[in-house]
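Right, one structure below, let's go through it.
Read the numbers this way: they start at 1 and go in the same order the structure lists the ligands and their atoms. This structure is a prediction, so every number in the text was calculated from the model and none was measured.
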Amino acid sequence: MLKINGLSKYFQSGEVLTKAIDGISMSVGSGEFVAITGASGAGKSTLLNVLGLLENFNEGSYEINGTEVSKMGDRQKAQVRNENIGFIFQSFNLLPYLSVYENIELPLKIRGINKSERKKSVEQLLEKFGLANRAKHLPSQLSGGQQQRVSIARALSCAPKLILADEPTGNLNSEMANEVFSMFEEINREGTTILVVTHDEGLASRAHKTIQIGDGKVMQVS
Ligand SMILES: Nc1ncnc2c1ncn2[C@@H]1O[C@H](COP(=O)(O)OP(=O)(O)O)[C@@H](O)[C@H]1O
Ligand SMILES: [Mg+2]
């Protein structure tokens with residue numbers, strides 16, 4: 001599904017050149033559940049952003065579903081992203097002025113899905129994630145764990161083939177973190193490929209494969 005070879009991504013700020021990703025090669029097969037670990041500043045978020053087509057890279061190659069990303073234009077990238085990838089972030093990134101229902105509905109609206117189809121999908125997701133009685137709440141009226149459940153439901157609303165999650169349990173207590181990983185396991189069993197960045201070794205060990213990143217390089221695969 002994803003295949004990168006000798007991938008590098010640099011940031012130039014003033015005189016300082018940071019190699020956030022420094023020659024990483026790896027592949028992620030369809031249906032895999034992969035954890036990415038590593039110290040702060042190792043390049044995990046940059047890697048996830050490049051894999052999610054949110055950022056460009058400087059060197060190397062990246063194939064997604066057999067298509068080379070450096071040959072894609074911005075429109076094609078946006079299309080591949082919208083049709084294939086769901087993002088989950090540490091800080092939930094829910095829109096504060098939209099209800100739980102509206103947050104989950106938004107990606108479907110952007111895709112031009114009609115209202116009755118949207119209603120069907122959103123209601124299914126609310127049910128699945130135990131949020132049916134929270135549909136009209138604003139994010140600020142929910143606990144952290146509930147907010148992350150909403151953001152996972154939102155990421156799943158367009159039935160993505162790939163979920164990219166950047167420290168999704170970083171703001172949660174261990175019980176809620178466990179619950180989020182259990183949801184990932186369930187989503188993965190249903191066929192969605194998952195790449196999750198985490199600091200928690202216990203959680204990482206629940207993935208099929210762990211890739212440890214350090215200084216923009218792959219340190220260990222286990
Ligand atoms: N937009 C940016 N501009 C300049 N440097 C950046 C930018 N984003 C990340 N970096 C640098 O790239 C390195 C990797 O960052 P990041 O991918 O956020 O690491 P991690 O997610 O593992 O903590 C760090 O040294 C960071 O300072
Ligand atoms: Mg990060």
Side-chain angles (χ1 to χ4, degrees), residues 1-28 32-64 69-70 72 74 77-78 80-81 85-94 144-145 147-152 154-155 160 162-174 176-178 180-181 183-184 193-222:
M1 171 166 235
L2 309 179
K3 196 168 165 199
I4 63 178
N5 216 325
L7 194 95
S8 296
K9 163 83 182 172
Y10 311 140
F11 290 108
Q12 179 89 50
S13 28
E15 300 275 275
V16 186
L17 180 79
T18 306
K19 290 189 169 184
I21 303 178
D22 189 7
I24 289 187
S25 301
M26 63 181 243
S27 59
V28 178
E32 269 198 295
F33 182 174
V34 178
I36 297 174
T37 62
S40 178
K44 306 180 298 295
S45 295
T46 306
L47 178 61
L48 224 61
N49 290 342
V50 169
L51 293 176
L53 310 180
L54 295 170
E55 283 187 41
N56 293 321
F57 54 93
N58 298 97
E59 285 168 28
S61 68
Y62 173 21
E63 266 181 32
I64 182 164
V69 170
S70 53
M72 292 182 193
D74 286 344
K77 277 189 218 168
V80 169
R81 200 165 53 227
I85 307 174
F87 293 93
I88 298 162
F89 303 94
Q90 177 174 356
S91 50
F92 319 133
N93 288 17
L94 298 170
Q147 288 185 56
Q148 195 58 300
R149 267 193 268 156
V150 176
S151 85
I152 294 170
R154 179 183 58 182
L162 172 67
I163 291 276
L164 297 176
D166 195 354
E167 303 200 32
T169 62
N171 285 337
L172 303 179
N173 65 32
S174 61
M176 288 175 176
N178 237 319
V180 164
F181 257 68
M183 287 166 58
F184 284 164
T193 307
I194 299 185
L195 240 84
V196 56
V197 170
T198 179
H199 272 123
D200 187 316
E201 290 190 9
L203 293 175
S205 70
R206 289 164 67 174
H208 303 154
K209 182 162 92 183
T210 301
I211 300 174
Q212 193 193 339
I213 308 281
D215 276 335
K217 301 182 181 72
V218 174
M219 308 303 280
Q220 200 183 341
V221 180
S222 52

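Set against the non-hydrogen atoms of Ser45, the atoms of ligand 1 under 4.0 Å away are 17 (O), 18 (O), 20 (P), 21 (O). The Ala39 neighbourhood of ligand 1 comprises atoms 22 (O), with distances under 4.0 Å to a heavy atom of that residue.
Of the protein's non-hydrogen atoms, the one nearest atom 25 (O) of ligand 1 is Thr18 CG2, 3.6 Å. The protein non-hydrogen atom at the shortest distance from atom 12 (O) of ligand 1 is Ala20 CB, 3.4 Å. Among all protein heavy atoms, the one lying closest to atom 14 (C) of ligand 1 is Gly41 O, 3.4 Å. Remark: minimum distance from atom 4 (C) of ligand 1 to any protein heavy atom is reached at Phe11 CB, 3.3 Å.
Summarising the geometry, atom OG belonging to Ser40 is positioned 6.0 Å from atom NE2 belonging to His199; distances are rounded to the nearest 0.5 Å.
The protein does not reach atom 27 (O) of ligand 1 closely, with no heavy atom under 4.0 angstrom from it.
Gln147 contributes no side-chain N or O that, together with a main-chain N or O of Arg149, makes up a donor-acceptor pair within less than 3.5 Å. With hydrogens and angles ignored, the 3.5 Å screen pairs a side-chain donor or acceptor of Lys9 with a backbone N or O of Asn56.
Using a cut-off of 2.8 Å, one finds that Ser45 contributes an N/O/S atom close to the Mg ion (ligand 2).
Applying the salt bridge (Lys or Arg N to Asp or Glu O under 4.0 Å) test to every pair with at least one member in residues 205-220, sequence neighbours left out, gives these pairs: Asp22-Lys217, Glu32-Lys209, Glu185-Arg206.
Atom CD of Glu201 has 12 or fewer neighbouring heavy atoms from other residues, nucleotides or ligands inside a 6.0 Å radius.
Heavy atoms from both the backbone and the side chain of Thr46 come within less than 4.0 Å of ligand 1.
Smallest separation of non-hydrogen atoms from Gly52 and Leu164: CA-CD1, 3.3 Å.
Comparing Gly216, Gly43, Ser13 against atom 19 (O) of ligand 1, the shortest heavy-atom distance belongs to Gly43.
Shown are Leu51, Val34, Ile213; of these, the side chain to side chain contact (heavy atoms under 4.5 Å, CB included) with Met26 is made only by Leu51.
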